[in-house]
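Remarks on the structure that follows.
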Amino acid sequence: MAKRILGINPGSKHLGYALFQSSELRDWGVKYNGGTWTSEKKKKIERVYLNLLDEFKPNYIALKKLHTARSSPELRESVERLKQFCNARHIPVYEYPIQYFEKMILSYNVNKKELVDTITELYPILFNEAEKERIQFKQNRKRTRERIYYTWMFEAVALAHVCFNQIDNH
C-alpha cells in the first residue's frame, strides 16, 4: 500500500498543507482562517482538519510542533483536536519542531527564503508558488513580523518530505 503523508503547518490565520503519495507530491496549498478567535473560527478550523483527513485519507500526519511561547492557547487547543481526530482514525502523528525539519533539509543558512528555494529544487512543480513568495517577500521586507502567505505551504511540504524519508528509512 502506498504511503499517504499529509503535512500540516497549523496557524491561527493560515494553515499550510501538503500531500505526498509515496515520494510524489500530489497536492498542496494554504487555507485561510483569518479573524479573531471565536467559537465559529474554532469550528471552521476543525472543519478544515476534518475535510483534509476525509479528502486525502492519509496514513500518516506530519505536523509542525508548535512553540509554546509563540502560539496561543486556542491554536494549541485546535492542534490537540486534530490529534484526537487522527487518533480516532488510527492515523499516526509525527510532530517536528521547525528547527528539526529545516536542519534535515538545509545544510547551510537556515531561513525561510532558503527553505523555499530548497523545496522548489526538490519539487520543481512548486516554481509558481515560489515566484509568488519571492514577490511577496520583496514587497513585505520591512514588515519582518508578518509571515509570507506561501511559507505556510512550503513548510508543510518540508514536513511531509522529512516524515516520508524518516518512515521510508525504517
**Prompt:** How far apart are the closest heavy atoms of Cys163 and Ala62, and which atoms are they?
**Reply:** CB-CB, 3.6 Å
**Request:** Check the pair His14 / Lys31 against side chain to side chain contact (heavy atoms under 4.5 Å, CB included), numbers first and verdict last.
**Result:** CA-CA 6 Å; His14 301 95; Lys31 303 284 186 184; over 6 Å; no
**Asked** With a 4.5 Å limit on heavy-atom distance, are the side chains of Glu74 and Lys41 in contact?
**Response** no
**Request:** Find the distance between CG (Asn59) and NE2 (His90) and round it off to the nearest 0.5 Å.
**Result:** 13.5 Å
**Prompt:** Quick check, are the ring centers of Tyr123 and Phe20 under 6.0 angstrom apart?
**Reply:** yes
**Asked** Hey, what do you get for CG (Leu19) to CH2 (Trp28), rounding to the nearest 0.5 Å?
**Response** 10.5 Å
**Request:** Looking only at non-hydrogen atoms, find the nearest pair between Ala160 and Ala18 and report the distance.
**Result:** CB-O, 4.2 Å
**Request:** Please check if Leu50 and Leu6 belong to a single hydrophobic cluster, counting links between Ile, Leu, Val, Met, Phe, Trp and Tyr side chain heavy atoms closer than 4.5 Å.
**Result:** yes
**Prompt:** Which pair of heavy atoms, one from Cys86 and one from Val93, lies closest together, and at what distance?
**Reply:** CB-CG2, 3.6 Å
**Message:** Can you confirm whether Lys42 is buried at NZ, in the sense that more than 12 heavy atoms of other residues, nucleotides or ligands lie under 6.0 Å from that atom?
**Reply:** no
**Asked** Are Leu82 and Tyr32 co-members of a hydrophobic cluster defined by side-chain heavy atoms under 4.5 Å apart?
**Response** no
**Asked** So, does Arg76 use its side chain to make a donor-acceptor pair with the main chain of Leu66 at under 3.5 Å?
**Response** no
**Message:** On a heavy-atom basis, which atom in Trp37 and which in Ser72 lie closest, and how many Å separate them?
**Reply:** NE1-OG, 3.6 Å
**Heavy-atom closest pair, residues Tyr49 and Pro10** = OH-CB, 3.8 Å
**Asked** Can you find a pair of side-chain heavy atoms, one from Trp152 and one from Leu15, that are under 4.5 Å apart?
**Response** no
**Message:** Do Ile61 and Pro92 have side chains that approach each other closer than 4.5 Å (heavy atoms only, starting at C-beta)?
**Reply:** no
**Asked** side-chain contact (heavy atoms from CB on, under 4.5 Å) with Ile5: which of Phe164, Phe56, Tyr94?
**Response** Phe164
**Request:** Please assess Leu53 against Phe85 for the test side chain to side chain contact (heavy atoms under 4.5 Å, CB included), listing each intermediate value before the final yes or no.
**Result:** CA-CA 9 Å; Leu53 295 175; Phe85 297 149; 3.8 Å; yes
**Asked** When you check the gap from the basic side-chain N to the acidic O, do Arg89 and Asp54 get nearer than 4.0 Å?
**Response** yes
**Steps toward side chain to side chain contact (heavy atoms under 4.5 Å, CB included) verdict (Asn9, Phe154)** = CA-CA 9 Å; Asn9 181 9; Phe154 280 96; over 6 Å; no
**ILVMFWY network linking Val79 to Val48, side-chain heavy atoms under 4.5 angstrom** = yes
**Fill in**
One should read off an interatomic distance between Asp117 CG and Glu114 CD, to the nearest 0.5 angstrom, of 5.5 Å
**Asked** Would you call Asn33 and Lys13 a side-chain contact if the rule is heavy atoms closer than 4.5 Å?
**Response** no
**Asked** Does Glu95 pair with Lys83 as a salt bridge, N-O distance under 4.0 Å?
**Response** yes
**Message:** Just so I know, are the side chains of Leu126 and Val157 near enough to count as touching, which here means a heavy-atom distance under 4.5 Å?
**Reply:** yes
**Request:** May I ask whether Leu115 and Phe127 are part of the same hydrophobic cluster, defined by side-chain heavy atoms of I, L, V, M, F, W, Y residues being less than 4.5 angstrom apart, directly or through others?
**Result:** no
**Message:** Using side-chain heavy atoms (C-beta onward) and a distance below 4.5 Å, is Met104 in contact with Tyr96?
**Reply:** no
**Prompt:** Using 4.0 Å as the upper bound for N to carboxylate O, is an ion pair formed by Lys43 and Glu46?
**Reply:** no
**Request:** Enter the distance from Lys57:NZ to Ile91:CD1 here, rounded to the nearest 0.5 Å.
**Result:** 10.0 Å
**Message:** For Ile125, I'd like to know if atom CD1 has over 12 heavy atoms of other residues, nucleotides or ligands within 6.0 Å.
**Reply:** no
**Message:** Taking Lys64 first and then Glu155, would you say they form a salt bridge - that is, a charged N and a carboxylate O separated by under 4.0 Å?
**Reply:** yes
**Item:** Interatomic spacing from OG in Ser12 to CD1 in Ile45 - rounded to 0.5 Å
**Value:** 7.5 Å
**Request:** Evaluate the side chain to side chain contact (heavy atoms under 4.5 Å, CB included) criterion for residues Ile167 and Lys3: first the C-alpha distance (whole Å), next the side-chain angles of each, then the deciding distance (0.1 Å), finally the verdict.
**Result:** CA-CA 9 Å; Ile167 292 168; Lys3 294 180 189 90; 3.4 Å; yes
**Asked** Which heavy atom in Val30 sits nearest to a heavy atom in Tyr17, and how many Å separate them?
**Response** N-CE2, 3.8 Å
**Message:** Does any part of the side chain of Leu63, heavy atoms only, come nearer than 4.5 Å to the side chain of Leu159, both counted from C-beta?
**Reply:** no
**Message:** Nearest 0.5 angstrom please: Leu52 CG to Ile8 CD1, how far?
**Reply:** 5.5 Å
